[in-house]
Amino acid sequence: MMGTVMICVKDNNFVAFACLGYLKVPRPGESRGPSSSSVMVLLVLAVILVLSLPSCHASAACNQHDYDSLLPFFSNISSSPLKWSPSIDCCLWEGIECGGTGRVTRLWLPFKGLSGVLSPSLANLTYLSQLNLSHNRLFGTLPAGFFSSLDNLQILDLSYNRLLGELPSNDNSTANIAIRIVDLSSNRFSGVIPSNSFLQFARNLSSFNVSNNSFTGQIPSNICIVSFLSITALDFSYNDFSGSIPSGIGQCSNLRNFSAGFNNLSGTIPDDIYNVVLLEQLSLPLNNLSGTISDSLANLSNLRVLDLYSNQLIGSIPRDIGKLSKLEQLQLHINNLTGSLPPSLMNCTKLVTLNLRVNFLVGELSAYNFSRLQQLSILDLGNNNFTGRLPTSLYACKSLKAVRLAYNQLEGQILPDIQALESLSFLSVSYNNLTNLTGAIQIMMGCKNLTTLILSVNFMNETIPDEDTINSSGFQNLQVLGLGASQLSGQVPTWLAKLKNLEVLDLSFNQITGFIPSWLASLPSLFYIDLSGNLLSGEFPKELAGLPTLASQGTSELFGRSYFPLPVFAQPNNATYQYSQLYNLHQL
Ligand SMILES: *[C@@H]1O[C@H](CO)[C@@H](O)[C@H](O)[C@H]1NC(C)=O
Ligand SMILES: *[C@@H]1O[C@H](CO)[C@@H](O)[C@H](O)[C@H]1NC(C)=O
Ligand SMILES: *[C@@H]1O[C@H](CO)[C@@H](O)[C@H](O)[C@H]1NC(C)=O
Ligand SMILES: *[C@@H]1O[C@H](CO)[C@@H](O)[C@H](O)[C@H]1NC(C)=O
Ligand SMILES: *[C@@H]1O[C@H](CO)[C@@H](O)[C@H](O)[C@H]1NC(C)=O
Ligand SMILES: *[C@@H]1O[C@H](CO)[C@@H](O)[C@H](O)[C@H]1NC(C)=O
Ligand SMILES: *[C@@H]1O[C@H](CO)[C@@H](O)[C@H](O)[C@H]1NC(C)=O
């Protein structure tokens with residue numbers, strides 16, 4: 001272990017300190033590093049250097065009051081590799097900066113592995129303007145008076161710690177008027193954020209992030225009254241906020257990001273939000289919001305992200321949504337939306353993610369021209385009431401990686417043009433009325449990057465194609481194949497034996513006859529087979545007991561891995577992974 005020594009030399013004339021950095025000094029008994037005599041030499045050298053440079057990088061000496069406040073802060077922190085020492089000017093401690101009068105203005109120690117409780121004396125650093133202790137392991141509550149006394153604070157970042165309890169009240173009505181950035185996210189804070197909190201006079205507040213805590217009560221209602229011009233980002237997500245979204249957010253005319261998802265918010269989306277024309281992100285998923293999405297949404301022409309999924313929203317998708325020409329992510333899934341897709345949606349040519357699953361949407365999908373959505377990567381229209389043929393214009397959306405159209409009333413065949421989707425790795429069209437399984441298998445084998453194919457509950461009463469009917473060199477990356485509940489006849493097809501990456505196979509609830517093939521045991525990655533509900537006969541092949549994944553310890557990792565670029569993975573039940581079921585795979 002090397003000890004560290006900081007050598008600083010006081011310049012009497014200017015009452016300033018100069019620092020020449022750190023010298024590593026070996027502890028007694030250590031062989032490596034400079035000998036003590038060489039340290040002496042360096043020290044002498046250092047003194048000479050400083051004396052010959054009268055205006056060497058200097059800062060004022062640490063104010064005694066601030067020194068007294070900092071000392072307990074630093075000594076409270078355990079297991080810290082920080083470079084500080086009571087005998088050194090505190091303005092020279094790691095992470096500290098002082099103003100001209102030796103007052104501590106900056107305490108900046110993110111990602112330092114700091115562990116410990118914040119000393120109450122921190123609140124005495126009244127000249128502090130920038131405080132960043134993010135990404136450490138600080139715990140305990142914020143000291144009383146923290147907000148009321150830190151008058152000069154402009155930047156406060158305590159994110160990613162283990163701080164808890166309620167925010168200390170602010171009894172000083174003029175405190176924090178200078179604050180610009182507040183990030184308390186990813187801690188364990190709780191309680192209500194009182195509307196007469198430290199935000200009360202924060203006229204310059206620009207970014208306020210309390211996400212990922214356990215705050216309760218209402219979203220503070222006055223936030224856009226005081227800071228209406230300055231606020232650009234408000235993040236309340238991942239808490240236990242309840243009540244309705246306060247109207248007044250619309251006063252924040254410079255707001256770019258409003259996020260309050262994963263709470264218990266109820267009521268409607270306040271109309272004045274649609275006046276915030278600079279808004280780029282509106283994220284309110286996983287709440288209990290009701291009512292409709294206003295047609296005024298079309299005002300928000302800068303919107304890139306609109307996440308309103310998992311709420312109770314009713315009504316239709318705003319007709320003029322196509323005016324949102326910058327929209328990249330539209331997630332309205334798991335609501336009670338009705339009506340058809342507005343044709344203007346196809347004008348949102350920047351869309352990357354479009355998720356509308358689990359709603360009550362209707363209409364002939366084949367009537368839409370998806371081909372302008374050249375950036376579209378994830379499309380989920382599953383669990384709606386869409387009708388008509390599989391839309392062939394989708395085959396022109398060259399960026400598609402994942403498509404889910406399951407649980408609709410689509411008909412027709414999968415066409416060879418789908419092979420143009422070179423990035424396609426996930427396709428689920430289960431629970432529709434598609435026909436021509438032989439064609440579908442043949443065509444999908446030509447999709448080189450396909451990892452998941454779920455075709456269950458289609459192709460009623462057709463026959464599973466065998467090796468003779470198809471060119472069976474494809475599916476080399478296929479991991480999941482779902483062909484259940486379709487009354488398919490035939491035998492377990494031998495081309496499956498070539499799918500060396502196959503992990504999950506569902507052929508359940510068909511009319512499959514013949515034996516359970518013993519060659520299934522030769523598939524190195526296969527760990528889930530469902531052949532139930534068929535007309536199979538013969539013995540259970542003992543080879544299957546030797547399935548590589550059955551014998552290995554690594555199988556639970558396979559379960560833990562998410563195949564699906566869409567959030568549709570059927571969760572294993574509470575049994576140990578090895579024996580758990582991927583229930584309802586054919587419903588994906
Ligand atoms: C705090 O420091 C971290 C690490 O350098 C940085 O990412 C973060 O932006 C800082 N916080 C603020 C509000 O500047
Ligand atoms: C708010 O910001 C403006 C512009 O940067 C600045 O002139 C003003 O002093 C700030 N107000 C406070 C209270 O810090
Ligand atoms: C708020 O902080 C979280 C991390 O705790 C971060 O993921 C999120 O992007 C931040 N929100 C905003 C609006 O910057
Ligand atoms: C949404 O639909 C579900 C399922 O039909 C229903 O139980 C619920 O009451 C509906 N909610 C609203 C707000 O319409
Ligand atoms: C799509 O945008 C074009 C050009 O801005 C416009 O002429 C057309 O009416 C829009 N289509 C729909 C359905 O809104
Ligand atoms: C089934 O699909 C294949 C491949 O597209 C095609 O060649 C064949 O004609 C189709 N069969 C029927 C009955 O439509
Ligand atoms: C899951 O299993 C554990 C251990 O067997 C048990 O303590 C727990 O209550 C179970 N959870 C549920 C939701 O069944």
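For ligands, and for the atoms within them, numbers begin at 1 and follow the listed sequence.
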- Message: Under 3.5 Å between any N/O of N132 and any N/O of ligand 1: does that happen in this structure?
- Response: yes
- Option with minimal heavy-atom separation from atom 4 (C) of ligand 3, where the choices are Y238, F236, Y160: Y160
- Query: When you look for heavy atoms under 4.0 Å from ligand 3, do you find them on the side chain of N212, its backbone, both, or neither?
  - Reply: neither
- Message: What protein heavy atom lies closest to atom 14 (O) of ligand 1? Include the residue and the distance to one decimal.
- Response: W108 CH2, 3.5 Å
- Closer than 4.0 Å: a protein non-hydrogen atom to atom 11 (N) of ligand 2: yes
- Note on the structure: Among non-hydrogen protein atoms, atom 9 (O) of ligand 3 lies closest to D235 OD2, 4.5 Å
- Output the list of atoms in ligand 2 that are nearer than 4.0 Å to some heavy atom of A178, sorted by atom number. 14 (O)
- Does the pair K112/E94 count as a salt bridge with the N-to-O cut at 4.0 Å? yes
- Item | D183 to ligand 1, any heavy atom closer than 4.0 Å | no
- Give the residue and atom name of whichever protein heavy atom lies nearest to atom 3 (C) of ligand 2, and the separation in Å to one decimal. N204 ND2, 3.6 Å
- Write out the residue and atom name of the closest protein heavy atom to atom 2 (O) of ligand 3, then the distance separating them to 0.1 Å. N209 ND2, 2.3 Å
- Query: In the protein, which heavy atom is nearest to atom 13 (C) of ligand 2, and how far is it?
  - Reply: I177 O, 3.5 Å
- Query: Is ligand 3 less than 4.0 angstrom away from at least one heavy atom of S211?
  - Reply: yes
